[in-house]
Amino acid sequence: MGAVRSDWLRVRVSPADREGAAVLTRALEEHSLHTVCQSARCPNLPQCWGERTVTFLLLGDVCTRNCRFCAVSTGWPAGRVDCGEPQRVARAARALGLRYVVLTSVDRDDLADGGASQFAAAVRAVRELSPDAGVEVLIPDYRREPLAELLSAGPTVVGHNMETVRRLTPAVRDRRASYAGSLEVLAEIKQHSPTQPTKSSLLLGMGEESGEVEEALEDLRAANVDIVVLGQYLRPTPQQLPVSRYALPAEFEALAMRARAMGFRGVVAAPLARTSYRAARAYSELQ
Amino acid sequence: MDISIPELGDVDEVRLVRWLVGVGQTVQAGQELAEVEADKAVFVIEAPAAGVVREIISAQGESARPGRVIGRLEVQ
C-alpha cells in the first residue's frame, strides 16, 4: 500500500508551455532523439519543455540495468551504438537555441567503455555547434579509462546519482550498482579533475529515515560533491516501487538549509526537483 | 477552440479527475479548467484563451490519451 499523493504535486500546464513543448517535440522527432523527460514520464516536462530545457537520453532507450524506481525499458542492446547520435544532439541543441544542454544515458553494460566515448563525442559536438552553451552530463558509474575519456571532453558539470540512502540501495538500484561504488565514482572525478564541478541526487519517499539522508549528504560532501539535488520519489507506473511517504515542502526546505551548512555550493530541494531540473540555475550558484 | 489533454512524454493515459468549470461558464485566459492525473502527478489544464465553455465531452473519472479533445471553448 503506497502513500496518498499530496496536493503540492499539482502541475499547471499553461498554453505557452504546450506551445513550447510542441516545438521541442517536433525537433526531437526530426532529429530522431530520445529524452529522459519522456522516458521517465517526468511531471516537469510541460514546464521544462515550455522553457526549452531538455535532457537528452544518449545510447538509445533500452537500459541494461533494472532499477526498481525507473520506468526505462530493460534489455541487452548487444553492442549497438548509433554513431550519428552525438551530431544529431548537437544539431538539435543549436536549432533550438539551447543555452544549457543536459546529456544523460541509459546504462550500457554491453559496451566495453559503457558508452563513455559516446558521451565525450556528444559533449564535443555540442561545444562545436553551440560554443556558448553549458553542457552537463549525468553519467553511469564510469571509472578509470572511460571516466577519463568523458572528462577529457570538458563537460560543464558531471553528475552521478546516489538515488537513495546506503541501506536501501540494494533494494532500489540494480544489483550491479552500489552505494560505495557511486561515492567512488564521484570522488574519482575530483581526483582526476579537482576543479570539475560535480553533482548528485537523492530521492525521498523510498523508505529512508531522516538520519540516513543526513548520512548520505555527509558522504557526498566527503566526496567533494558541489551540487546536491533532493526530490520526491514518484512512481512512474504501477510496476515500480510504491512511494513510502510524501515529504512535506518544509522538510525539503530544512534539508536545503542543512545541505548548504554542510558546504554544498549548489542545492536544489523541492518535491518535484530532479537532477536536471533548473540545472543551469544550480550551476550558476557555483559562479 | 478545443480543450485537450496535454502531451506528457511517454504517459499513455491519464484519468480526468474533475472539471473545475461548467458548460456556459465564462473563463479568463489561463484559468484552471480541469485536472487530469497520471501516475506521477496531477496536471491542471489552463484555458488557452478567454471565452465561454460550450461543451464538456469527457466526464470526470474517464480515462483519456494525451492529445484527446475533452471539451470545447468558444473564444471571445
Side-chain angles (χ1 to χ4, degrees), chain A residues 2 5-26 28-29 34-50 54-55 57 61 69-73 203 205 231-243 246 271-272 274, chain B residues 1-21 25-54 56-58 60-61 63-76:
Chain A
R5 186 158 57 211
S6 299
D7 286 345
W8 55 84
L9 296 169
R10 193 170 180 270
V11 180
R12 289 184 69 136
V13 185
S14 73
D17 288 342
R18 294 172 73 149
E19 277 176 36
V23 169
L24 226 149
T25 302
R26 280 196 297 276
L28 291 167
E29 285 173 359
H34 303 288
T35 68
V36 78
C37 322
Q38 295 162 298
S39 299
R41 297 160 167 80
C42 182
N44 298 319
L45 185 147
Q47 183 198 351
C48 287
W49 285 27
V54 58
T55 300
L57 186 64
D61 59 355
F69 63 91
C70 180
V72 173
S73 304
L203 290 168
Q232 169 69 51
Y233 167 60
L234 298 168
R235 185 168 67 169
T237 81
Q239 278 69 55
Q240 281 76 40
L241 286 175
V243 175
Y246 288 98
L272 290 174
R274 297 293 179 264
Chain B
M1 180 177 273
D2 293 339
I3 301 167
S4 64
I5 306 282
E7 297 293 339
L8 301 167
D10 287 357
V11 172
D12 296 325
E13 198 172 70
V14 297
R15 188 175 68 88
L16 180 54
V17 180
R18 59 178 174 150
W19 280 98
L20 303 168
V21 293
Q25 187 173 333
T26 300
V27 298
Q28 303 302 312
Q31 185 172 333
E32 297 185 353
L33 299 180
E35 291 178 344
V36 299
E37 182 179 41
D39 282 294
K40 281 195 170 181
V42 169
F43 297 88
V44 184
I45 300 170
E46 293 184 359
V52 177
V53 178
R54 283 298 173 214
I56 284 179
I57 297 168
S58 299
Q60 291 178 179
S63 293
R65 296 180 70 83
R68 179 168 150 190
V69 176
I70 57 170
R72 293 192 207 283
L73 185 72
E74 184 182 315
V75 178
Q76 291 187 326

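Predicted model, so just to flag it, every value in this text is computed and none were measured. Below, chain A is the first sequence line, B the second, and so on; all start at residue 1.
Pairing each heavy atom of D39(B) with each of P236(A), the nearest pair is CB-O, 3.0 Å. Scanning all heavy atoms of the two residues, the minimum distance from P6(B) to V13(A) falls at CB-CG1, 4.0 Å.
Around the CZ atom of R15(B), the shell of radius 6.0 Å holds more than 12 heavy atoms that belong to other residues, nucleotides or ligands.
Heavy atoms closer than 4.5 Å to chain A are found nowhere in A29(B), neither backbone nor side chain. Neither the backbone nor the side chain of A71(A) comes within less than 4.5 Å of any heavy atom in chain B. Both the backbone and the side chain of P43(A) come within less than 4.5 Å of a heavy atom in chain B.
Under a 3.5 Å cut-off, the side chain of R12(A) and the backbone N or O of G30(B) do form a donor-acceptor pair.
Between D10(B) atom CG and T237(A) atom OG1 the span is 11.5 Å, to the nearest 0.5 Å. Distance check, rounded to the nearest 0.5 Å: CG of L45(A) to CD of E7(B) gives 9.5 Å.
Ionic pairing of R18(A) and E46(B) is not present here: no N-O contact between side-chain nitrogen and carboxylate oxygen is shorter than 4.0 angstrom.
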Pair R41(A)-V11(B), side-chain contact (heavy atoms from CB on, under 4.5 Å): steps then yes or no: CA-CA 6 Å; R41(A) 297 160 167 80; V11(B) 172; 3.8 Å; yes
